[in-house]
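None of the values given here were measured: they were computed from a predicted structure. We name chains A, B, ... by the order of the sequence lines, and we start the count at 1 in each one.
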Protein chains: 2
Amino acid sequence: MPQPQIITESNARQKTLQWLESLQSNGYRLTSSRRAVVEVLATADQSLTAADLYRIGLERHKRLGLVSVYRTLEKLEELGLVQRVHRPDGCHAYISALEGHQHLLLCESCGRVEIFRGDNLKEFSRRLEGASGFEIHEHWLQFFGLCSQCH
Amino acid sequence: MPQPQIITESNARQKTLQWLESLQSNGYRLTSSRRAVVEVLATADQSLTAADLYRIGLERHKRLGLVSVYRTLEKLEELGLVQRVHRPDGCHAYISALEGHQHLLLCESCGRVEIFRGDNLKEFSRRLEGASGFEIHEHWLQFFGLCSQCH
DNA sequence: AGAGTTATTGAAAACAGTTTTCATTATACA
DNA sequence: TGTATAATGAAAACTGTTTTCAATAACTCT
């Protein structure tokens with residue numbers, strides 16, 4: 001088992017631009033609502049719910065509607081830029097999908113998310129396939145606890 | 001990384017009785033509604049939603065109400081007998097919580113669940129705590145795919 | 001730049017899943 | 001068996017999400 005390696009957000013502004021470009025190059029128009037949602041989520045280091053995004057997004061675009069938040073999230077998810085996070089309470093939150101892979105460390109108190117590498121589940125997954133007869137497509141590895149600022 | 005080891009359900013009827021006893025010894029009354037929910041969920045090898053349990057439970061107790069399903073699940077969860085499962089689609093399903101530990105293998109098609117042991121995440125978790133500054137409380141390891149009957 | 005096309009928007013309504021309310025019923029205990 | 005009260009189910013209320021639809025704003029073509 002290799003050493004865990006925390007992945008830090010390098011440049012949030014760059015990510016914002018990438019997402020907007022990606023929306024545009026896929027035929028979607030760039031609107032104030034989409035900009036607001038993208039800017040908030042791409043620069044967040046916490047998982048955010050649709051309601052969170054609406055509340056925060058209103059500060060950037062005061063006519064933002066909750067419906068547009070949902071519709072923007074739908075597109076970002078479809079483009080693979082955003083992924084859903086299932087918190088222990090079961091509620092839907094979103095984070096940027098840096099990696100195809102979902103190895104997450106979530107703060108139970110503030111929702112802060114760290115993404116990391118460093119397990120070795122590929123091999124284990126193959127063995128599990130043999131033992132179970134399943135054809136395994138994906139896995140989730142998520143850790144929950146309190147971040148340094150919350151405890 | 002040790003060999004994965006599938007945990008099979010040994011005796012579903014025994015589990016049913018244990019759950020009913022546990023409810024009773026915690027001051028809850030044994031009613032037809034609770035019996036129906038417990039019997040269905042304790043003998044299931046799939047994750048079931050509240051609506052599933054209501055539909056199937058009606059066959060055992062034709063006056064069952066959906067509300068009682070929710071209330072029974074609440075109690076079973078509180079007693080640690082049942083745990084929620086988060087499917088990729090985000091919807092809430094329930095399975096019996098054999099282990100304190102949630103190492104699951106879920107079929108994306110039929111919802112069948114296998115529980116297994118055999119990772120070695122304790123050590124990894126400790127290293128991750130050091131690298132991240134988090135105080136880690138729990139982890140989820142879930143694999144998704146198609147079971148042998150579905151592919 | 002201006003006009004036209006049409007994707008996108010937000011308000012309201014609809015919808016699905018879950019919880020609360022409350023009068024009635026059924027369980028456990030004396 | 002009778003009694004106190006926990007538990008029930010129908011209906012209403014609520015929350016989160018999606019759909020509908022007329023108005024608006026973004027891109028395209030000239």
Is it the case that the ring center of A/Phe134 lies less than 6.0 angstrom away from the ring center of B/Phe116? no

Gap between atoms [atom1] and [atom2], on [X] and [N] respectively (whole Å):
{"X": "B/Arg35", "N": "C/dT27", "atom1": "CZ", "atom2": "C1'", "value": "10 Å"}
{"X": "B/Asp52", "N": "C/dT18", "atom1": "CG", "atom2": "P", "value": "11 Å"}
{"X": "B/Tyr70", "N": "C/dT20", "atom1": "OH", "atom2": "P", "value": "12 Å"}
{"X": "A/Tyr28", "N": "C/dT6", "atom1": "OH", "atom2": "P", "value": "18 Å"}
{"X": "B/Gln24", "N": "C/dC29", "atom1": "CD", "atom2": "P", "value": "8 Å"}
{"X": "A/Arg84", "N": "D/dG16", "atom1": "CZ", "atom2": "P", "value": "15 Å"}
{"X": "A/Leu66", "N": "C/dA12", "atom1": "CG", "atom2": "P", "value": "14 Å"}
{"X": "A/Tyr54", "N": "D/dT15", "atom1": "OH", "atom2": "C1'", "value": "15 Å"}

Below 30° counts as parallel, above 60° as perpendicular, anything between as tilted: where do the rings of B/Phe144 and A/Trp140 land? perpendicular

Pick the nucleotide of DNA chain C nearest each of A/Val67 and A/Ser32; which residue has the one closer to the 5' end? A/Ser32

Name the residue from B/Lys15, B/Arg34, B/Arg60 that meets the side chain to side chain donor-acceptor pair (under 3.5 Å) definition with B/Glu39. B/Arg60

Does a nitrogen or oxygen in the side chain of [X] sit under 4.0 Å from OP1 or OP2 of [N]?
{"X": "A/Ser68", "N": "C/dG10", "value": "yes"}
{"X": "B/Thr31", "N": "D/dT8", "value": "yes"}
{"X": "A/His92", "N": "D/dT15", "value": "no"}
{"X": "B/His61", "N": "D/dG9", "value": "yes"}
{"X": "A/Arg29", "N": "D/dA25", "value": "no"}
{"X": "A/Ser33", "N": "C/dG10", "value": "yes"}
{"X": "B/Arg34", "N": "D/dT8", "value": "yes"}

Starting from [Y], can I reach [X] by hopping between I/L/V/M/F/W/Y residues whose side chains sit under 4.5 Å apart?
{"X": "A/Leu17", "Y": "A/Leu41", "result": "no"}
{"X": "B/Leu146", "Y": "B/Val85", "result": "no"}
{"X": "A/Leu76", "Y": "A/Val67", "result": "no"}

Shortest non-hydrogen pair, A/Thr16 vs A/Ala42, comes out as OG1-CB, 3.6 Å

So if I take residues 71-79 of chain B and measure heavy-atom distances to DNA chain C, which residues fall below 4.0 Å? B/Arg71

